[in-house]
Amino acid sequence: MYPHKDIEKKWQEFWKNNQTFRTDDSDNKEKRYILDMFPYPSADGLHVGHPEGYTATDIYSRYLRMKGYNVLHPMGWDAFGLPAENFAIKKGIHPQETTQASIANFRRQIQSLGFSYDWDREIDTSSPEYYKWTQWLFLELYKKGLAYKAKAPVNWCEHCQTVLANEQVINGTCERCKNPVIQKLLEQWFFKVTEYADELISGLDNLDWPESIKTTQRNWIGKSDGATITFSIKNTSVEIPVFTTRPDTLFGVSALMLAPEHPALTEFNIKNRDEVNAYIETSKHKTNLERTFLSKEKTGVCLDDIKAINPANSQEIPVFVADYVLGSYGTGAVMSVPAHDQRDWEFAKKYNLPIVDVVMPTVTDQTNPPREDKQIKIRNVVHAIVYDPRNKKYLTLRGKPFNWNTVVIGGIEEGETALEAALRELKEETGYIDVKYIKTLGGPIQAHFFAKHKDENRIANTTGIYFELASDERVPVSEEEQAKNDVLWTDEKDFTTKEMVNSELPFWLERMHSTNDAYSGEGILINSEEFDGTTTKEASSAITQKVNGKITSTYRLRDWLVSRQRYWGAPIPIIYCETCGTVPVPEIDLPVLLPTDVDFRPTGESPLVRSKTFHDVKCPQCDSPARRESDTMDTFVCSSWYYLRYVSPHNNDSAFDQSEAKSWLPVDICVGGAEHAVLHLMYARFITKALKDMGYVQFDEPFIKLRNQGMILGEDGEKMSKSRGNVINPDIIINEYGADTFRLYEMFMGPLGDAKPWNTQSIAGSQRFLDKVWSLYQTALESNIPEKETNSESLKNIHKAIKKITADIETMSFNTAISTMMICVNALQKEQTAGHTLGRDTLESFTKLLSPFAPHIAEELWEILGNKEGISFTPWPAFDETLIRDEMITIAVQINGKTRTQLSVSHDLSEEEIQTLAFGDTNVKKWIEGRETQKVIYIPARLLNIVTK
RNA sequence: GCCGCGGUGGCGGAACUGGUAUACGCACAGGACUUAAAAUCCUGGGCUCGUAAGAGAUUGAGGGUUCGAUUCCCUCCCGCGGCACCA
């Protein structure tokens, strides 16, 4: 076994002493910026998941250096934040101290893995040198109007004693402590992310990011396209704008619904004011969770004597206050269309509002489509679906002339309702008279088909009615009807799958079993005056235009709440003066230092209020007594710009050197966890876009390419957690197996982005591989190593490996790159065992291939081969395609697509020669004997497929 | 409910543009070395039948296109992630 401990210690010291990985900005080689999402240094130390991403970027960085690029590959610490503060409170130690201890431990662990970071560029977001510029960023946003203070309902976590951004609330609970979040009306600082909503969506299209992250961001921003339509209130000057995605359903509006927070509610002279106020008061005390997830039934109160006017048809409609309408979304007011929105339907049923169908779904019969040369006849029709619960069968008819299966169909006569028509037809066609009405299956459906029995095209506006058979009581059926149809009872299975002629049937089945009563799909308009007959799409814009509505979009995204009532963060650089108001701290006074002498325990009020020296200041403008903003910033503000700081981490004059930023950024590839999809990754994009608009940078996306490392699960396949006891400590693994084995194993586990379970037993495989490499070199060195490789097998294998590994590193397919190295070593070892002494060129090439993955052992082997300089900047090996080609190739011979034999032939054989060989083969003869060969397909160098009759 | 990703041996996984499915590794079995074990090296099967040669099945299920499908199309099932009273 190779001595990993000595080797790893030796080379880590070598890299450090030689400053091997210090990045020189002035080096004019082509630049590449390879970035890790920097860690939050927790007291628990490194998790095995951290090195997965770090190893990936390290392999890529080392590879690029050997390819001749100038590589920026830095590391730092996202050091402010709540967990550090909570840990410090628990231990009774200042967070400054605990954080520095955690950083030291993280640094030690990361360095023990031999990553090629430029440690001169290490950053710490909790240091004044860094957060001075976080404060500068805040002030820049403030100047641009992108940072503002507003009183608004905000998320408050009682347990953490602070407000939270929307992005930090998961299903109504706090991201950190999982306790429910409540709404509070507070004055807080926000960043105007919503201003960039459209850019944040459209920018995604050009990014090489995992599709899942892009989708998550799109969902989070939640753009809805629709229209804003204004409803006026009768006998008042009040106008209520309403946002809807379905302006086409305007003629189906039954009521106007207002959120309890709607400001117009105070302007009305309502008869039942007390009742309305009581309702508003009740809903105010509900949490968002109660109003959404937990609510079982829609509630609301009608505003007596108040009528809204439907702008489409001037109809007077009632106005309700209802808490299923959210004040924070759209305009806080909704037009209620019960027939086509499930929530409105439920509300309408409860409060007895009219349900008017205005959209009719259409269906074209695929087996009997309309014929162009035939007349069209329009009919109103009813379908009676009759179910016999005792025998679990459906009533159907078999039409004699065409032998088709159908439900009971009837035309609706003048002056007759659909229900009357259904009962009449049932009696006439089947004789059944004792049926129980269950429900009408939604509004009508329009079916287009060719009616064979009448030789005409039909447009049938069909209403479906669902009955249950109450008894077998029947009246006689006329002979005329008997001649037309047989009455059959059909099994449920046949009824739903057999070929019934009724193309409406899928709609009926869906409505019979679904809890969705409203039809929210597309179709053509009915009950909509001049728009009748137009499609929903056409009607959307036409109706919007008619009522002077505006095409608008609404977003789910809210502005980013950045204030925190906690201690361990960057102070917000604002001063409040009685005369001047809100005054930004002048840049020259930055940083606003976080005082170290405060009791930082959380009380719900910012701890900084308790520091008199911090809190009581003089106004920078008029010198009169003033107070400092006592909230700190969300830590995600610190991490939203860290990639910029790395280009000039020691610059005291600016956040980042603009010309350095221009030459290094945007980041070529960023690797990190998927959990930051709508947090860090969206905030960083926003900040970059804002900085671009301010002229500080020339690009509007920070990370061109993004890859997520998948989660490493415990050996039990579950997420690693202390409570489950399945956590793997990297220190122990590194100590036992060495950093190179650890790196190699994590990369060999599977594709970088996949979640995969840890398996300590499997590490042995990676270790065995390195031992095998070690002994390969030891054996080679026992002989006199020739400078040039002469063995064709060795040449072929090493050149194949160079080709494949190079391609795999480019696509970050490290698992297959490692398997290629294993194949190569196995092959080289075989040659060696057979008595061949490997050439220096072969050994050096392999060492280089190995070096990004297992850099310590590679450096040692490189030195053993007699090289004086380190391996890190030696040129990456090239491959020779002519050496890779196999002299003998294997051709699979298939008969009708099944492989029956294999032919080993020289690579330059022609198709004819191969065919001759194949047809001469005894195995092949056996299979094609007595059969006529239809055709022969030849795929060069792969297979020959003989197709027989 | 909507959107996205995925489902391949006992396990992690591989397979280019539709061309010999299961590379590589783990585990397992047999053998060599050893007094013995560990380590190492060699060999092997992978599901069913068969002593074997071999045959058949097989990439979540079912169907389709094709000479040929893990790969393309349709329907469905399961798992993971996101959004969700969002008008």
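Note that the coordinates shown come from a computational prediction; the quantities given were computed from them, not determined experimentally. Each chain gets a letter, A, B and so on, in the order the sequences are listed, and its residues count up from 1.
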How long is the line joining CZ of A/Arg558 and P of B/C83, in whole Å? 15 Å

In whole Å, I'd like the distance from the CD1 atom of A/Ile895 to the C1' atom of B/G56. 17 Å

Taking the side chain from A/Asn945 and the backbone from A/Gly897, do they hold a donor-acceptor pair closer than 3.5 Å? yes

How about A/Lys349: does its NZ atom have over 12 heavy atoms from other parts shown lying under 6.0 Å from it? no

Between B/C77 and B/G25, how far apart are the two C1' atoms, rounded to whole Å? 32 Å

Residues A/Asp559 and A/Thr194: side-chain donor-acceptor under 3.5 angstrom: yes

What is the distance from NZ of A/Lys214 to C1' of B/G81, rounded to the nearest Å? 17 Å

Regarding A/Thr890 and A/Ser904, is there a side-chain donor-to-acceptor distance under 3.5 Å anywhere? no

A/Gly222 or A/Ile763, whichever maps to the more 5' nucleotide of RNA chain B: A/Ile763

Quote, to the nearest angstrom, the P distance that separates B/C2 from B/C76. 11 Å

Rounded distance (Å) that lies between atom P of B/C86 and atom CE of A/Met335: 15 Å

Across the strands shown, which category fits A/Lys898 at heavy-atom distances under 4.0 angstrom: base, sugar-phosphate, nothing? sugar-phosphate

Heavy-atom nearest nucleotide on RNA chain B for A/Asp341 versus A/Ala764: which residue maps closer to 5'? A/Ala764

Pairs in or reaching into residues 758-767 of chain A: which pass salt bridge (Lys or Arg N to Asp or Glu O under 4.0 Å), with residues at least two apart or in two chains? none

Taking the C1' atom of each, how far is B/U40 from B/C49, in whole Å? 38 Å

What's A/Trp758 touching, base or sugar-phosphate or nothing? Going by heavy atoms closer than 4.0 Å. nothing

Contact under 4.0 Å: A/Lys935 side-chain N or O vs B/G68 OP1/OP2: no

Counterpart residues, ring-ring contact (aromatic ring centres under 6.0 Å, His included), relative to A/Trp345 (two or more places apart): none

Distance, rounded to the nearest Å, where A/Phe231 contributes CZ and B/A87 contributes P: 16 Å

How would you label the glycosidic angle of B/G30: syn (within 90° of 0) or anti? anti

Taking only the C1' atom of each, what is the distance from B/G18 to B/A55 in whole angstrom? 27 Å

Output yes when a side-chain donor or acceptor of A/Asp357 lies under 3.5 Å from a complementary backbone atom of A/Ala339, and no otherwise. no

For the pair A/His340 (side chain) and A/Tyr519 (backbone), establish whether a donor and an acceptor sit closer than 3.5 Å, ignoring hydrogens and angles. yes

Under 3.5 Å, which protein N or O atoms sit close to an N or O of nucleotides 74-80 of chain B? Give each pair with its distance.
none

Under 4.0 angstrom between A/Arg900 side-chain N/O and B/G56 OP1 or OP2: yes

Please list, one pair per line, the donor and acceptor atoms closer than 3.5 Å that link side chains of residues 766-774 of chain A to other protein atoms, with sequence neighbours excluded.
| from | atom 1 | to | atom 2 | distance (Å) |
| --- | --- | --- | --- | --- |
| A/Asp771 | OD1 | A/Tyr2 | N | 3.2 |
| A/Lys772 | NZ | A/Asn826 | OD1 | 2.9 |

Say you pick atom C1' in B/A27 and the same atom in B/G12; how far apart are they, in whole Å? 11 Å

From B/C26, B/C67, B/C5, nucleotide with atom closest to A/Glu211 side chain: B/C5

What is the per-nucleotide protein-contact pattern of nucleotides 38-50 of chain B, from the 5' end, where B denotes a base atom under 4.0 Å from a protein heavy atom, S denotes such proximity for sugar-phosphate atoms only, and - denotes neither? --SS---------

Separation of atom CH2 in A/Trp209 from atom C1' in B/C5, rounded to whole Å: 17 Å

Please report, rounded to the nearest Å, how far the C1' atom of B/A87 is from the CG atom of A/Leu256. 12 Å

Base, sugar-phosphate, or nothing for A/Val334, non-hydrogen atoms under 4.0 angstrom? base

Separation of the C1' atoms in B/C42 and B/U58, to the nearest angstrom: 30 Å

In B/S/- notation (B base, S sugar-phosphate only, - none; protein heavy atoms under 4.0 Å), nucleotides 6-24 of chain B written 5' to 3' is ------BSS-B--BB--BB

Between C1' on B/G1 and CG on A/Asn219, what's the gap in Å once rounded to a whole number? 13 Å

Mind checking if A/Val242 touches a base, just sugar-phosphate, or nothing, with heavy atoms under 4.0 Å? nothing

Less than 3.5 Å apart, any donor N or O on the side chain of A/Thr760 or A/Glu715 sitting next to an acceptor on the other? yes

Looking only at side-chain N and O atoms, does A/Trp220 offer a donor or acceptor that is under 3.5 Å from a partner on A/Glu167? yes

Are A/Asn726 and A/Glu718 linked by a side-chain donor-acceptor pair shorter than 3.5 Å? no

Minimal non-hydrogen separation, A/Leu204 against A/Leu200, with atom names: CG-O, 3.3 Å

Rounded distance in Å between the C1' positions of B/C86 and B/C80: 25 Å

